[in-house]
Amino acid sequence: MSDTRVLVLIGAGSAVFTRGLLADLITADDLGSWEIRLVDVNEEALRVAARLAGRMVEARGAGNRITVRASADRRTELPGADYVVTCVGVGGRPAWQRDHEVCQEHGVYQPVGDSVMPGGISRLLRTVPVMVDVARDVADLAPDAFFFNYSNPMTANVQAMTRYAGAAPVGLCHGMHHVQRELAAFAGLPFEETSTLYAGINHLTFIYDFRHNGQDAWPGVRARMERELAEPADPADIGAIWENGKAWHNPFSWEIFRRYGAYPAANDRHVLEFFPERWAGGDYYGKKLGVDAFSVPEILQWGEERYQGMRAQAEDDAPLDAASFENSTGEQEQLIAIIRSITFDRRDMFSVNVPNRGSVPELPDEAALEIPAVATARGLRPVSVPDLSAPLTAILARRLTSVELATEAAMTGDRDLVVEAMIADGAVTDPDAAAALTDALLAAQRAHLPQFA
């Protein structure tokens, strides 16, 4: 029996994730030898990712314990997998940008569009069927592999892969982990000495218990929040994409905290999309969502520049960035820690997206919730969260309605269900406007929506 473990990365053309994963595995001597199988249907992006991975392995002299191969056919790579990771983005940045443009043409402004609101629904329609097909292959060819998903919309993808493919994916997102780290810094506390209890759906997870060495840490958080929000806002803090540690950077999230006693992850940029009725016309504290508040073109440009930088490194047109091997805080950070906890049965705690199955008693069993889980040698074991308050549970239940409608529409190609999902989402409540926006998005993304032909 080989001591080398096999990790299949589907969507490896997302070179940012691939680079981070390779960097962490290269520097993780305790995790032993790996065969990394990169898979992507975009052969050009796959070639870039594979060349970059090869340069990284060579630069650190890790070829004796890490090998990399690449293929456009996932079915040839899945057999024998110990770990399967998906980070698929159907249509990539161009499709994301088109969602943004079409929504604005119809008067809908949003800062992200990867989970909810019309842009998130559009992404769901083109992504869910693809993820279900991937999950069916995983269940068929690598049934014993630990299966992790990073693809958005996370909630819909995990629910659909579980329901329609009979797979057992675990959704991972670094948002919850980062927000706990930010809360600790906000309160002036060492992150390692803090702990949280929380429950929600991806990008709307309510941290309702925050402690420092076992003691309630909310009073210190609340005192700084009140002090900072009592001062006039600096316009530069409102709607900035990158977190800066100031209360005025997330005024709506702090409003929720004041009202419900729980802080929502993952901060305003994501959270406000779950309350679209509050931002009529995209107006957000004097700015416009997706334009000068959490600019979508800015984040798309940032992603493109990062990709082109890594492409230059892959093609030997630029030196390999030594900073790539430093301790990472990227999306893959939690994955490496989970692999370590599984490998050595450390039983460390992580935030995961998995079917509810009673963890939050008042929410549907099949709903994919973001909750704590313990990583053991036998997999991830969710922790029960029975004390999430009734008001917060009601907010989550409402948000799950649109996800359910849109997922069914994606799998059946039912245009009328898409319209109903749009209305239930809350960003567009007029039926005629919802129908017009639905038809515009279906037309714009036609190449990725064969089920609606």
Side-chain angles (χ1 to χ4, degrees), residues 96-97 100 103-104 107-117 119 173-191 194 196 198 200 203-207 210 212 217-306 329-330 427:
W96 185 2
Q97 180 172 349
H100 173 69
C103 288
Q104 286 196 1
V108 175
Y109 294 81
Q110 58 185 117
V112 188
D114 67 356
S115 298
V116 292
M117 292 185 64
C173 174
H174 67 174
M176 174 56 220
H177 177 76
H178 279 199
V179 170
Q180 180 180 339
R181 189 179 293 278
E182 289 161 8
L183 285 173
F186 192 78
L189 302 172
F191 168 72
T194 64
T196 54
Y198 51 88
H203 296 153
L204 182 65
T205 296
F206 295 107
I207 304 171
F210 178 52
H212 174 235
W218 283 134
V221 170
R222 188 173 287 106
R224 178 173 172 184
M225 173 201 70
E226 298 291 0
R227 185 170 63 252
E228 291 194 5
L229 294 182
E231 299 294 327
D234 181 344
D237 293 335
I238 301 295
I241 287 177
W242 312 113
E243 291 297 326
N244 63 15
K246 300 178 183 179
W248 272 113
H249 189 245
N250 294 291
F252 181 60
S253 295
W254 288 117
E255 178 185 331
I256 289 176
F257 176 71
R258 279 172 162 165
R259 190 160 295 160
Y260 298 102
Y263 189 87
N267 296 322
D268 275 23
R269 180 169 172 261
H270 283 291
V271 168
L272 60 85
E273 291 194 317
F274 291 84
F275 301 85
E277 64 281 356
R278 312 237 183 156
W279 321 106
D283 294 327
Y284 170 81
Y285 299 96
K287 294 189 177 183
K288 189 71 75 175
L289 290 172
V291 182
D292 55 351
F294 308 113
S295 167
V296 172
E298 182 181 341
I299 199 68
L300 288 169
Q301 181 63 28
W302 173 81
E304 180 63 22
E305 288 174 358
R306 288 195 74 186
T329 57

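Since this is a predicted model, take the numbers as computed values, not measurements. Heads up: numbering here begins at 1 and tracks the sequence.
The CH2 atom of Trp254 sits 8.5 Å away from atom CD of Glu228, with the distance rounded to the nearest 0.5 Å. Note that NE2 of His212 and CG of Leu183 are 13.5 Å apart. Values are rounded to the nearest 0.5 Å. The distance from atom CD1 of Ile241 to atom NE2 of His249, rounded to the nearest 0.5 Å, is 8.5 Å. Atom CD of Gln301 and atom CD of Gln97 lie 9.5 Å apart (nearest 0.5 Å).
For the pair Asn250 and Tyr263, the minimum side-chain heavy-atom distance is below 4.5 Å. Considering only heavy atoms from C-beta on, His100 comes within 4.5 Å of Pro297 through its side chain. Between Ile299 and Arg269 there is a side-chain heavy-atom pair separated by less than 4.5 Å. Between Leu204 and Phe275, some side-chain heavy-atom pair lies under the 4.5 Å cut-off. By the 4.5 Å heavy-atom criterion applied to side chains, Met225 and Arg222 are counted as neighbours. Met176 places a side-chain heavy atom less than 4.5 Å from the side chain of Ile207. Side-chain contact between Pro251 and Tyr284 is present, with heavy atoms from C-beta onward closer than 4.5 Å. A heavy-atom distance below 4.5 Å is found between the side chains of Pro111 and Leu272.
Side-chain contact, Glu273 with Ser115: no donor N or O sits under 3.5 Å from an acceptor N or O.
We find that Lys246 and Asp237 are joined by a salt bridge, their nearest charged nitrogen and carboxylate oxygen being less than 4.0 Å apart. By the 4.0 Å N-to-carboxylate-O rule, Glu226 lies close enough to Arg258 to be salt-bridged with it.
Remark: Ser253 engages Asp268 in a side chain to side chain donor-acceptor pair (under 3.5 Å) (not counting sequence neighbours).
Taking both residues in full, the closest heavy atoms of Leu189 and Ala217 are given as CD1-CB, 4.0 Å, listed atom of the first, atom of the second, then distance. In this structure, Val179 and Ala265 approach most closely via the heavy-atom pair CG2-CB, 3.8 Å. Closest approach of Ala266 to Gly175, counting heavy atoms only: CB-CA, 4.1 Å. Residues Gly281 and Lys288 come closest through the heavy atom pair O-NZ, 2.8 Å. Residues Met117 and Ala427 come closest through the heavy atom pair CE-CB, 3.9 Å. In this structure, Ala247 and Leu229 approach most closely via the heavy-atom pair CB-CD2, 3.8 Å.
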Taking it one step at a time, do Ile238 and Phe294 satisfy side chain to side chain contact (heavy atoms under 4.5 Å, CB included)? CA-CA 9 Å; Ile238 301 295; Phe294 308 113; over 6 Å; no

Can you list the steps and then say if Tyr109 with Val296 is a side chain to side chain contact (heavy atoms under 4.5 Å, CB included)? CA-CA 10 Å; Tyr109 294 81; Val296 172; over 6 Å; no

Stepwise side chain to side chain contact (heavy atoms under 4.5 Å, CB included) test for Leu289 and Gln110: CA-CA 5 Å; Leu289 290 172; Gln110 58 185 117; 5.7 Å; no

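Two rings, from Phe252 and Trp279, have their centers less than 6.0 Å apart.
A side-chain hydrogen bond (donor to acceptor under 3.5 Å, both in side chains) with Asn267 is found for exactly one of Glu182, His178, His203, namely Glu182. Residue Phe257 forms a ring pair (Phe, Tyr, Trp, His ring centres under 6.0 Å) with just one option from Phe186, Trp218, Phe210, and that option is Trp218.
A cation-pi contact links Arg181 to Phe191, judged by a cut-off of 6.0 Å to the six-membered ring centre and 45° from its axis.
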